[in-house]
Amino acid sequence: MNETEGNTKRGGAKERLSKRDVLVLVVAGLVCGLLSGLFGIGGGTVIVPALVLIGLSQRHAAATSLAAIVPTSISGVISYATEGNVNWIAALLLAAGVIAGSQLGSLLLSRLPEIALRWIWVVFLIFVIIQQIVFTPARDGHLVLHFWSGVFLVLLGVVVGSIAGVLGIGGGAIMMPALSFLFGASDLMARGTSLLVMFPGAISGTFANWKRGIVHLKSGLIIGVCAMITAPLGTHIAGWISPRAGSLLFAAWLTFLAIRGIWTAIKGMRQAAA
């Protein structure tokens, strides 16, 4: 069975998942929710590899991941908002840029070669790992808004939306450190705000991907619903540990994913050359 046939089988209205597939999706969702609440990310770093594991291409996995991030982000935002760790105005400005950028990202996702998508994923992970190691956000930081910070938040949103659309992530891995490093937000405020921004961005990107026929809705919903269960636990853990411990844990998780991503990319290149 070639890649197109496999994707058609899994992507149609009568999509059937084996018991093993469902188990993988449920576990991925529970882990995704925990990491989403803990790190302020959408969980695409878990979702995409899980979807590839059950047989989706990198392209379809990235598109479906955005759909799963919608319910995941809702649960995480509620948990952070109840503690006052969401900046609603900053989120609105970021979201405006993310919605525009996600359309560009969706277009690139449908056109970039599969191997290119895999290596973009690896480069992105390495960049975030370095950032997490060298910079530690302050727990008592404050995000100050004025005209120019508002302009830069919109521009940041465009960049985040474009990258998120290509990689199938919510963009929290970019927004969370950027809000702390560039705008002075505390680590908890950055996580809560980035989760809020993911919601409209993920919806916008999912709609664009749906029109292109590359979203596997059933798989995305299974992951998203399961993630909603554990996201509140992740937010509580984030408040218990120090900002430095949170950064190092995030870097360790991304290092594992980067090593796995490099292996997968090299394997894909060898198969393409064979």
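Residues Thr235 and Gly76 share a closest heavy-atom pair of CG2-O, 4.1 Å. Summarising the geometry of Ala231 relative to Ser75, their closest heavy-atom pair is CB-OG, 3.5 Å, with the distance given to 0.1 Å. Closest of all the heavy-atom pairs between Val215 and Asn209 is CG2-CB, 3.5 Å. Contact detail for Tyr80 and Ala238: the closest heavy-atom pair is OH-CB, 3.5 Å. The shortest non-hydrogen separation linking Ala251 to Ile133 is CB-CG1, 4.0 Å. Closest approach of Met189 to Asn87, counting heavy atoms only: SD-N, 3.3 Å.
The shortest side-chain heavy-atom distance between Leu182 and Phe152 does not fall under the 4.5 Å cut-off. Within the 4.5 Å cutoff, side-chain heavy atoms of Ser36 are placed close to those of Leu195. Side-chain contact between Asp21 and Leu53 is absent, with no heavy atoms from C-beta onward closer than 4.5 Å. Contact of the His216 side chain with the Leu56 side chain is registered, since non-hydrogen atoms from C-beta on lie closer than 4.5 Å. Side chains of Leu34 and Leu30 form no contact here, defined as non-hydrogen atoms less than 4.5 Å apart. Proximity of Trp253 to Val46: side-chain heavy atoms (C-beta onward) are separated by under 4.5 Å at one or more points. Looking only at side-chain heavy atoms (C-beta outward), Leu17 and Leu25 come within less than 4.5 Å of each other. A heavy-atom distance below 4.5 Å is found between the side chains of Leu179 and Leu153.
Side chains of Thr64 and Ser219: a donor-acceptor N/O pair is absent below 3.5 angstrom, by distance only.
With hydrogens and angles disregarded, no donor-acceptor distance shorter than 3.5 Å links the side chain of Thr193 to the backbone of Val86. In this structure, the side chain of Ser194 engages the main chain of Gly40 through a donor-acceptor pair within 3.5 Å. In terms of modelled atom types and a separation under 3.5 Å, the side chain of Ser162 and the main chain of Val158 share a donor-acceptor contact.
Note that CE of Met198 and CG of Leu196 are 10.0 Å apart. Values are rounded to the nearest 0.5 Å. Of the inter-residue distances, the one linking Ile99 atom CD1 with Ser204 atom OG reads 5.5 Å to the nearest 0.5 angstrom. Here the straight-line distance linking atom CD1 of Ile54 with atom CG of Leu23 works out to 11.5 Å at 0.5 Å rounding. The distance from atom OG of Ser247 to atom CE of Met176, rounded to the nearest 0.5 Å, is 6.5 Å. Summarising the geometry, atom CZ belonging to Phe256 is positioned 11.5 Å from atom CG belonging to Leu125; distances are rounded to the nearest 0.5 Å. Considering CD1 of Ile223 and NZ of Lys218, their distance stands at 13.5 Å, rounded to 0.5 Å.
The 12-atom threshold is not exceeded at CZ of Phe199, counting heavy atoms of other residues, nucleotides or ligands nearer than 6.0 Å. The 12-atom threshold is exceeded at CZ of Arg20, counting heavy atoms of other residues, nucleotides or ligands nearer than 6.0 Å. In this structure, Leu155 places its CG atom where more than 12 heavy-atom neighbours from other residues, nucleotides or ligands lie under 6.0 Å away.
Within the structure, ring-ring contact (aromatic ring centres under 6.0 Å, His included) pairs that include any residue of residues 26-50 comprise Phe39-Phe250 (at least two apart or interchain). Applying the salt bridge (Lys or Arg N to Asp or Glu O under 4.0 Å) test to pairs two or more places apart or on separate chains, those with a residue in residues 179-192 are Arg139-Asp187, Asp187-Arg191.
Shown here are the side-chain contact (heavy atoms from CB on, under 4.5 Å) partners of Ala227, two or more places apart in sequence or in another chain: Cys32, Thr72.
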